[in-house]
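Here's the structure we're looking at; comments come further down.
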Amino acid sequence: MTIKGIIFDLDGVITDTAEYHFLAWKRLADEENLDFTREDNEQLRGVSRRESLKRLLKGKVISEDKMQSWMHRKNEYYKAYLDDITPDDLLPGVSNFLEEAQAQGLKLAIGSASKNAKPVIEKLNLINVFEVIGDGYSVVNAKPAPDLFVWVAGGLHLHVADVIVFEDSPAGIDAAKSAGCKTVGIGKSKLSHADFAVRSFEEITLNDVINKLMNTTL
Ligand code: B16
Ligand code: MG
């Protein structure tokens, strides 16, 4: 087994923008008298803005114009929170892990469903760390489709089988697996379908990850 590159999801892996997504959707839901809880928000992890709105609507049907205008409004609320992001908002252990991966000469990239990924990465001061940034504009079919990870691996000039994907969402693990990448689940969500899962980068080194993937029947 060779590992030549790593694709990191953004929200929930590199930084925790899920709280901002929640606050923005919650504001919209309150304004429109829709019931929306933190628990509901877990179902929006890693899925596109449009799919998030559909899940928030819980089967209620609205016109396409209204869909567009509500998605736009939520995004304006979300973008206002992004002003507060600084490099201190990296999740614990991320900075060391990125340094380790760079020191070992791996190619690094982002594979995020978010159309706001680039400004977030700029705010985190990581724009020069990633060779490719795949975001919500890169492909038509969002996670759980494999397209984004195939697109990013291609941008790195790597075969998908030589790439590890770190993801915090079930949709993201599904996408990475169907792309043919190795998968590591990060965070509190149940990600039992990943090759293996840990709660945080603080629990692992790059060598741990590679050893674990080598000893797992993939
Ligand atoms: P936007 P990721 C995802 O980011 C978020 O987890 C998800 O909650 C959000 O709906 C999606 O991006 C789209 O974001 O509205 O900014 O385009 O986890 O794939 O980095
Ligand atoms: Mg995520």
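Here the structure is a predicted model, which means the values were calculated and not measured.
Counting only heavy atoms from C-beta outward, the side chains of Leu158 and Lys107 approach each other to under 4.5 Å. Residues Thr86 and Asp88 meet the side-chain proximity criterion, which asks for heavy atoms closer than 4.5 Å. For the pair Gln68/Arg50, a side-chain contact is recorded, criterion being any heavy-atom separation below 4.5 Å from C-beta on. Within the 4.5 Å cutoff, the side chain of Glu167 has no heavy atoms near those of the Arg45 side chain. Under the 4.5 Å side-chain criterion, counting only non-hydrogen atoms from C-beta, Leu34 is in contact with Trp70. Residues Asp147 and Val140 are not in side-chain contact: their nearest non-hydrogen atoms beyond the backbone lie 4.5 Å or more apart. Contact of the Val132 side chain with the Ile110 side chain is not registered, since no non-hydrogen atoms from C-beta on lie closer than 4.5 Å. In this structure, Leu124 and Ile14 have side chains that are in contact, with non-hydrogen atoms separated by less than 4.5 Å.
Thr183 places a side-chain N or O within 3.5 Å of a backbone atom of Asp195 that can act as its donor or acceptor partner. Between the side chain of Asn211 and the backbone N or O of Asn207, at least one donor-acceptor pair lies under 3.5 Å. Remark: the backbone N or O of Thr17 is not paired with any side-chain donor or acceptor of Thr15 at under 3.5 angstrom. Side-chain N or O atoms of Glu203 include none that pairs as donor or acceptor with a backbone N or O of Val198 at under 3.5 Å.
Within a 6.0 Å sphere centred on NZ of Lys58, other residues, nucleotides and ligands contribute more than 12 heavy atoms. More than 12 heavy atoms of other residues, nucleotides or ligands shown are found within 6.0 angstrom of CD on Glu64.
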With side chain to side chain contact (heavy atoms under 4.5 Å, CB included) as the criterion, how do Arg55 and Asp40 come out once you've worked through the C-alpha distance, each side chain's angles and the decisive distance to 0.1 Å? CA-CA 8 Å; Arg55 292 184 187 192; Asp40 295 333; over 6 Å; no

After noting the C-alpha distance and the side-chain angles of Ile121 and Phe130, does the key distance pass the side chain to side chain contact (heavy atoms under 4.5 Å, CB included) rule? CA-CA 9 Å; Ile121 292 161; Phe130 300 109; 4.2 Å; yes

As a quick check of understanding, evaluate side chain to side chain donor-acceptor pair (under 3.5 Å) for Asp174 and His193, giving each step before the final call. CA-CA 8 Å; Asp174 286 341; His193 58 317; 3.0 Å; yes

Begin from the C-alpha positions of Phe149 and Ile7 and carry the test side chain to side chain contact (heavy atoms under 4.5 Å, CB included) through to its verdict. CA-CA 8 Å; Phe149 293 120; Ile7 305 175; 3.8 Å; yes

Salt bridge (charged side-chain N to carboxylate O under 4.0 Å, His left out) between Glu76 and Arg73, worked out: CA-CA 5 Å; Glu76 291 302 304; Arg73 226 160 88 209; over 6 Å; no

Run Leu206 and Leu106 through side chain to side chain contact (heavy atoms under 4.5 Å, CB included) and show every step you take. CA-CA 11 Å; Leu206 179 59; Leu106 297 185; 3.8 Å; yes

What do the steps show when you test Asp135 against Lys118 for salt bridge (charged side-chain N to carboxylate O under 4.0 Å, His left out), and what is the final call? CA-CA 8 Å; Asp135 63 13; Lys118 281 193 186 117; 3.6 Å; yes

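Tyr137 and Val120 end up in different hydrophobic clusters when Ile, Leu, Val, Met, Phe, Trp and Tyr side chains are linked at under 4.5 Å. No single ILVMFWY cluster, assembled from side-chain heavy atoms under 4.5 Å apart, contains both Leu156 and Val150. Linking Ile, Leu, Val, Met, Phe, Trp and Tyr whenever their side-chain heavy atoms come within less than 4.5 Å puts Leu98 and Ile3 in one cluster. Val129 and Val165 fall into different hydrophobic clusters, where Ile, Leu, Val, Met, Phe, Trp and Tyr side chains are chained together by heavy-atom contacts under 4.5 Å. Under the 4.5 Å side-chain contact rule for hydrophobic residues, Ile173 and Ile204 do not share a cluster.
Between Arg27 and Glu32 no salt bridge is recorded (no basic side-chain N to carboxylate O distance below 4.0 Å). Taking a cutoff of 4.0 Å between a charged side-chain nitrogen and a carboxylate oxygen, Lys123 and Asp89 do not qualify as a salt bridge. With respect to the salt-bridge test (charged N to carboxylate O, under 4.0 angstrom), the residues Asp9 and Lys143 qualify.
Taking all atoms of both residues into account, the shortest heavy-atom contact from Val184 to Val209 is CG2-CG1, 4.0 Å. Closest approach of Pro92 and Ser200 over heavy atoms only: O-OG, 3.8 Å. Minimum heavy-atom separation, Phe97 to Thr205: CE1-C, 3.8 Å. Pairing each heavy atom of Gly134 with each of Trp151, the nearest pair is CA-CZ3, 3.6 Å. Residues Val163 and Cys181 come closest through the heavy atom pair O-CB, 3.5 Å. A pairwise comparison of heavy atoms in Ser178 and Pro144 identifies OG-O, 3.9 Å as the closest pair.
Taking CG of Leu23 as the reference point, atom CG of Leu28 lies at 13.0 Å (rounded to 0.5 Å). Here Glu42 contributes atom CD and Ser169 contributes atom OG; the two are 10.5 Å apart, rounded to the nearest 0.5 Å. Note that the CG atom of Asn116 and the CZ atom of Arg49 stand 5.5 Å from one another [nearest 0.5 Å]. Atom CD of Gln104 sits about 8.5 Å away from atom CD1 of Ile6, to the nearest 0.5 Å. Separating the CG atom in Asp35 from the CG atom in Leu56 is a distance of 9.0 Å, to the nearest 0.5 Å. From Asn128, atom CG reaches atom CG of Leu108 across 12.5 Å, with rounding to the nearest 0.5 Å.
Ring geometry, Phe166 versus Phe8: the interplanar angle falls under 30°, so the pair is classed parallel (tilted spans 30 to 60°).
Between the side chains of Asp162 and Thr2, at least one donor N or O lies within less than 3.5 Å of an accepting N or O. Side chain to side chain, Glu39 and Thr37 fail the donor-acceptor criterion of an N or O pair below 3.5 Å.
A cation-pi arrangement is not found for Lys26 relative to Phe36, the charged atom failing to lie both closer than 6.0 Å to the ring centre and inside a 45° cone about the ring normal. Geometric assessment of Lys74 against the ring of Tyr78 yields a positive cation-pi assignment under the 6.0 Å and 45° thresholds.
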